[in-house]
Colleague: 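My structure is below; once you've seen it, I'll send some questions.
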There are 2 protein chains.
Amino acid sequence: MRKGKPNDPERRTRILRAALEVIAMEGVHAASYRRIAAQAGVPLGSTTYYFSDLETLIVSAFKTLRDGLEPRYASPLRDARTDDDVVDALVAATCGSTAPTLDDIRIYEEMHRYGARSPQVAGLLRDLQEASLVILRRSLSDSAARAVDALMWGWWSYRALNEHDRLDTGMVHDAYRALVTMAATERVPQK
Amino acid sequence: MRKGKPNDPERRTRILRAALEVIAMEGVHAASYRRIAAQAGVPLGSTTYYFSDLETLIVSAFKTLRDGLEPRYASPLRDARTDDDVVDALVAATCGSTAPTLDDIRIYEEMHRYGARSPQVAGLLRDLQEASLVILRRSLSDSAARAVDALMWGWWSYRALNEHDRLDTGMVHDAYRALVTMAATERVPQK
DNA sequence: ACCAAGTATGTACCACCGTACGCATATTCC
DNA sequence: GGAATATGCGTACGGTGGTACATACTTGGT
C-alpha cells in the first residue's frame, strides 16, 4: 500500500524557507498562506495541503529556524576553555563573526512576539534559551549564565532597532568581562 | 468660530487606552478599528473620526504609553546618589516595585516589532532609549549605561517569556553590581 | 490496462479588514 | 431662532484573509 510518491519532495522545505523569508521581511502578520505561496513560487493549494492550518505552518517554520540557529553559535562557546575564551566567544556571538544577521534577529523577535500567544512557540523559545544556558553553565555560574543570556538578547534587540550603528566591540567586551569576572569571584576557588 | 464642543471629552483618551489594552492582550495584529471600538465601548465611526487612519491611532497609543512609562522608572534613578542607590534602583526597575507590569512589557515588545516597519515608532523607541541613557549616564560611563540598558531589556523580555518565574533578586542585583563596578573602575578617579 | 490511494491544484465561500461618505446631533455665534 | 461648524454614527465597498472542497494528476500494485 505504498502508493503516491511526492512529485516534488523539496516542496515542503521550500515552503518553510519561504515562510521564514516572509517573516523576516514583513513580519508574521504578513505571513499568510497566499503570501508564502507566492514567495515559494507554488500555488495556494500546495501550502494548505502540506500544512492544514496556518499556525502549524508558522510553528514548523520557527522550528526549522531553531534547528539551524542553535549549532552555529553554540559550538564556539562549547570550545571555550578559559574565561577569556568565553568572553571572546560571547563578543563574537553578539556583534562578531558568529553573530546572527539582522534578519535572524528580526525573526527571533517575531518569534518572541508570536510566542506571547502561542504556547507551542513559547515552548520553542524556552528550549532555545535552556540550550543556551546549558552551554553557558559549563563556564559560568547559573546566575552569571542567566545574566549573560539576558544581556546578549538585549544587545541583539539593540542591533535590530539601530540598524546602522555597529555596537562598539570594546564596550561589549568589557560588559561580558565584568559579568564573567563576577562569576569567577563568587565561584568556589578550585584547589 | 469655536463651534461644536466634544460631547464626550474623554472619548479620545478612552480609545487610546482601549487600543493599548487590545495590543497588550492580543497583539498589534489584532488592533483593528473594530476591535478597539468594541474594547472602548464606542461605535466604529467614532474611532475613525478621531484617528483618520489606523497607523496614527496605533502610534498615538504608543506615545501615550511612553509618556506614562517614562517618569515612573526614571525618577528613582534620578534620585540615586551612590552606586548602591543606582544598583537598587535598577533592581527595582527590573523586577521590583517600579518594574513594568507584564502587560507593559508585552506592549513594549509589540512596539519593538511594530517599529521594525514603522519609522515613526522606531523613532519613539529611540527616544525612549535615549532618555533612559541620559539618566543612566548621570551615574555611569556611556559604556556601562548602554550595557545596563541592554541587560534590563533582556530581563524584561525574560519575564515576558517565563510569566510565572520570578527573577531572583540577588542574581539581578549581582549582575548590575558587576556592571556598575566596572564603570567605577574605568572612571577617572575624582580628586 | 486498470484501480486505489496519495499528491497537487483551482475555485469558492464567508468573515473581517481599512476606509469613504452621507446623515444625524450638539454646540456656539450672531 | 437660525446658520455654521464640530462631533458622532451607520452603512457600504473593495480587498484580503483562512479554510473547505471538488477536481485533477501521479504513482505503485495487480
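Every chain is numbered from 1, with letters handed out A, B, ... down the list of sequences.
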Colleague: Select one nucleotide: of D:dT19, C:dG18, D:dG18, the one nearest the side-chain heavy atoms of A:S32.
Modeller: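 Nearest listed nucleotide: D:dG18.
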Colleague: From the set C:dC17, D:dT11, C:dA12, return the single nucleotide nearest to any side-chain atom of A:R34.
Modeller: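 Per side-chain heavy atoms of A:R34, the pick is C:dA12.
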Colleague: Without decimals, in angstroms, what is the distance between B:E10 CD and D:dT7 P?
Modeller: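 About 15 Å, once rounded to whole Å.
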Colleague: Let me know the distance between OH of B:Y33 and C1' of D:dT11, rounded to the nearest Å.
Modeller: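 One finds 16 Å between C1' of D:dT11 and OH of B:Y33, rounded.
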Colleague: Using ring centroids (six-membered ring only for Trp), state whether B:W153 and A:Y158 fall under 6.0 Å.
Modeller: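 Ring centroids of A:Y158 and B:W153 are no less than 6.0 Å from each other.
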Colleague: Below the 4.0 Å mark, does C:dT7 have OP1 or OP2 next to a side-chain nitrogen or oxygen of A:Y49?
Modeller: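 For C:dT7, OP1/OP2 do have a side-chain N/O of A:Y49 under 4.0 Å.
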Colleague: Go nucleotide by nucleotide along DNA chain C from the 5' end; which of A:R11 and B:S52 gets its closest nucleotide reached first?
Modeller: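 On the 5' side of the pair lies A:R11.
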Colleague: In this structure, how many angstroms lie between the C1' atom of C:dC16 and the CG atom of B:L54, rounded?
Modeller: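 B:L54 atom CG is separated from C:dC16 atom C1' by 13 Å.
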Colleague: Checking contacts here: which listed nucleotide (D:dC9, C:dT19, D:dG18) is nearest the side-chain heavy atoms of B:S46?
Modeller: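 Nearest to the side chain of B:S46 among the choices is D:dC9.
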Colleague: Examine the side chains of B:E55 and B:Y114 and answer whether a donor and an acceptor come within less than 3.5 Å of each other.
Modeller: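 The criterion, which ignores hydrogens and geometry beyond distance, is satisfied for B:Y114 and B:E55.
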Colleague: What nucleotide among C:dT7, C:dT11, D:dA12 has an atom nearest to a side-chain atom of A:Y50?
Modeller: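 The listed nucleotide nearest to A:Y50's side chain is C:dT7.
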Colleague: Between atom CZ of A:R113 and atom CD of A:E110, what is the distance when rounded to the nearest 0.5 Å?
Modeller: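 If we round to the nearest 0.5 Å, A:R113:CZ and A:E110:CD are 6.0 Å apart.
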Colleague: Hey, does the side chain of B:T48 come within less than 4.0 Å of C:dT19's phosphate (OP1/OP2), counting only N and O?
Modeller: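 For C:dT19, OP1/OP2 do not have a side-chain N/O of B:T48 under 4.0 Å.
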Colleague: CD of A:E26 versus P of D:dT16: gap in Å, rounded?
Modeller: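 Atom CD in A:E26 sits about 13 Å away from atom P in D:dT16.
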Colleague: Pick the nucleotide of DNA chain D nearest each of A:A31 and A:G45; which residue has the one closer to the 5' end?
Modeller: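 So the residue in question is A:A31.
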Colleague: Would you say the side-chain atoms of B:R159 pair up with the backbone N or O of B:T94, donor to acceptor, closer than 3.5 Å?
Modeller: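 Answer holds: yes.
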Colleague: Could you please name the option among D:dC9, C:dT9, D:dT11 that lies closest to any side-chain atom of A:P43?
Modeller: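 When the side chain of A:P43 is considered, C:dT9 is the closest of D:dC9, C:dT9, D:dT11.
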Colleague: Give me the one residue out of B:I58, B:L57, B:V59 that meets side chain to side chain contact (heavy atoms under 4.5 Å, CB included) with B:F51.
Modeller: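 Among B:I58, B:L57, B:V59, the one meeting side chain to side chain contact (heavy atoms under 4.5 Å, CB included) with B:F51 is B:L57.
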Colleague: Specify the separation, in whole Å, of atom CG of B:L44 and atom C1' of C:dA20.
Modeller: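 These atoms are roughly 11 Å apart.
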